Chemist: 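Can you read through this structure? Questions will come right after.
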Amino acid sequence: MGDKRIIDSLLKDYPNLKCNYVYRREVLFVSQVLSLKYWQYEKFKPLLTSTIWKSNYNEIKKILEMKEWEEEKFQNLLTSNIWGRNCEEVKKILEMKKWQEKKFQALLTSSIWSCNYNEIKKILEMKEWEDKKFQVLLTSNIWNSNYREIKNILKMKEWKEEKFQPLLTPNLWSSNCQEIKKILEMKEWKEEKFQVLLTSSIWSCNYEDIREKLNLPYWNNSLYRHLLTPTIFVIKTDYIIKNIEIAEKYGIEGFIKICTLRKNPIDFENLIVYLLKNRIPLILDNKLNPILNALTLRLKKIYQIDLKSLRKENTYVRSRGCFK
Amino acid sequence: MFEVEDALNKFETSILKSIDKENMKKILIFLKEQQVDYIEDILNEYIDLFLIDYKDFIKRIEKLNQKYEGQFWVKAKENASLLEELLYEI
């Protein structure tokens with residue numbers, strides 16, 4: 001068991017290397033790792049993070065000594081998640097003949113260290129990659145998934161339907177077969193108003209979130225129909241509801257755009273109150289005043305509005321629904 | 001400055017977890033090369049841009065620069081809703 005005080009003093013110049021785990025390691029190990037000459041070289045510096053403490057000294061040294069790191073094509077693989085692998089496996093992965101095939105070259109990124117050699121081999125040897133429609137999925141995101149999931153996903157009969165083929169994008173690998181099936185089988189996709197949402201961005205969401213959002217009452221109101229874009233899957237439901245409620249409170253609901261939903265509701269309301277206090281119209285030329293959708297940098301530089309100051313200075317009395 | 005707490009409150013957790021670090025790094029480098037001076041705003045309000053695969057991202061920018069006569073990033077700074085076009089090819 002490492003002595004916490006000694007380890008802390010060894011790490012005094014390396015605060016980013018401190019974590020609970022390091023205190024379970026021997027002082028000698030910590031000292032040996034920090035003394036390795038490789039940390040002088042720029043290419044190895046990204047490897048010196050707290051994940052290193054999960055490895056052992058011999059493996060760390062063998063990995064750093066590998067001649068492969070002299071080749072430029074492997075240097076982007078030098079990231080700290082490599083410490084989840086041992087030297088023998090790292091070597092086997094780098095020596096795989098599949099990297100010579102053009103279609104697999106984009107997969108050789110540092111994300112690969114999340115997978116083991118056998119898994120990588122099985123994935124690369126899948127016959128499905130001979131089908132051109134699946135080759136677009138060959139990006140390093142694939143290492144977020146595993147062989148069994150990948151096989152099950154590619155086997156799905158839905159990919160034969162034309163309406164689902166645009167959804168065959170690498171974001172798919174963030175999801176799993178069961179979730180993908182549930183999403184594609186949702187009856188909501190039969191409604192015309194929701195079909196525009198059937199884009200690859202849905203794979204970053206889970207089934208429950210998608211269902212909750214498609215069933216918000218706003219989509220039955222033609223005033224809000226233009227907000228039905230895939231952005232609604234990205235923003236938390238709470239934000240969507242709050243921003244629409246704020247717009248309704250000030251009578252500007254017919255003018256908000258999809259980018260309005262991305263605003264922090266506190267900042268959105270503070271901006272509205274600021275404009276009202278300064279007698280600046282909320283609507284200009286039948287459009288929402290651009291200040292209300294402006295990015296923070298533009299607010300500061302062009303309009304001299306600092307959102308942080310507005311938050312501090314705000315004298316809006318929310319509970320009474322009025323402002324001073 | 002990137003507002004971590006804001007991002008956690010605003011974006012679905014599944015979105016944040018889905019962002020591939022390597023892909024994000026490539027896009028950030030590209031944005032710097034394009035002299036985009038509002039990267040922080042993009043991180044705070046449009047972090048889902050980093051979900052787009054880097055190669056696809058470049059292709060979309062080329063299309064949008066054709067549409068906006070090489071001025072996409074300048075126009076998006078003035079009108080943030082243009083970033084929605086980058087996301088969803090509206």
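Every value quoted in this text rests on a predicted model; they were computed, and no experiment measured them. So you know, we letter chains A, B, ... as the sequences are listed, proteins then strands, and number each from 1.
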Chemist: Relative to chain B, which segment of A:Thr296 carries a heavy atom at a distance below 4.5 Å: side chain, backbone, both, or neither?
Modeler: both
Chemist: Using non-hydrogen atoms only, which part of A:Ser175 is less than 4.5 Å away from chain B: side chain, backbone, both, or neither?
Modeler: neither
Chemist: Examine whether an atom of B:Tyr46 lies under 4.5 Å from a heavy atom of chain A, and if so say whether it belongs to the side chain, the backbone or both; otherwise answer neither.
Modeler: both
Chemist: Could you tell me which of A:Lys257, A:Lys236, A:Arg298 has the largest number of non-hydrogen atom pairs under 4.5 Å with chain B?
Modeler: A:Lys236
Chemist: For A:Lys308, is it the side chain, the backbone, both or neither that has a heavy atom under 4.5 Å from a heavy atom of chain B?
Modeler: side chain
Chemist: I need the B:Leu87 CG to A:Cys259 SG distance, nearest 0.5 Å.
Modeler: 11.5 Å
Chemist: Will you find, in the side chains of B:Glu84 and A:Thr229, an N or O donor that is under 3.5 Å from an N or O acceptor?
Modeler: no
Chemist: Going by the rule side chain to side chain contact (heavy atoms under 4.5 Å, CB included), which residues pair with B:Val74 if we only count those two or more places apart in sequence or in a different chain?
Modeler: B:Gln71, B:Glu78
Chemist: Do NZ/NE/NH1/NH2 and the carboxylate oxygens of B:Glu45 and A:Lys263 come within less than 4.0 Å?
Modeler: yes
Chemist: If you check every heavy atom in residues 16-29 of chain B against those of chain A, which residues fall under 4.5 Å?
Modeler: B:Ser18, B:Asp20, B:Glu22
Chemist: If you count the non-hydrogen atoms of other residues, nucleotides and ligands that lie under 6.0 Å from NZ in A:Lys193, is the total more than 12?
Modeler: yes
Chemist: Anything in residues 6-15 of chain B with a heavy-atom distance to chain A below 4.5 Å? Please list those residues in order.
Modeler: B:Asp6, B:Leu8, B:Asn9, B:Lys10, B:Phe11, B:Glu12, B:Thr13, B:Ser14, B:Ile15
Chemist: Can you tell which of A:Pro170, A:Ser110, A:Pro230, A:Ser111 has the highest number of heavy-atom pairs within less than 4.5 Å of chain B?
Modeler: A:Pro230
Chemist: Are there more than 12 heavy atoms of other residues, nucleotides or ligands under 6.0 Å from atom NZ of B:Lys75?
Modeler: no
Chemist: Below 4.5 Å from any heavy atom of chain B, which atoms of A:Lys300 appear? Answer side chain, backbone, both or neither.
Modeler: neither
Chemist: Measuring heavy-atom distances to chain A, does B:Asp37 have an atom under 4.5 Å in its side chain, in its backbone, in both, or in neither?
Modeler: both
Chemist: Kindly check if the number of other-residue, nucleotide or ligand heavy atoms within 6.0 Å of NZ (A:Lys45) is above 12?
Modeler: yes
Chemist: Check for a donor-acceptor pair, side chain of B:Asp41 on one end and backbone N or O of A:Leu295 on the other, with a separation under 3.5 Å.
Modeler: no
Chemist: Can you list everything that forms a salt bridge (charged side-chain N to carboxylate O under 4.0 Å, His left out) with A:Lys43? Sequence neighbours excluded, please.
Modeler: none
Chemist: When only pairs under 4.5 Å are counted, which of A:Thr109, A:Asn171, A:Asp209, A:Thr169 shares the most heavy-atom pairs with chain B?
Modeler: A:Asp209
Chemist: Please determine whether the number of non-hydrogen atoms from other residues, nucleotides or ligands lying under 6.0 Å from atom CD of A:Gln75 exceeds 12.
Modeler: yes
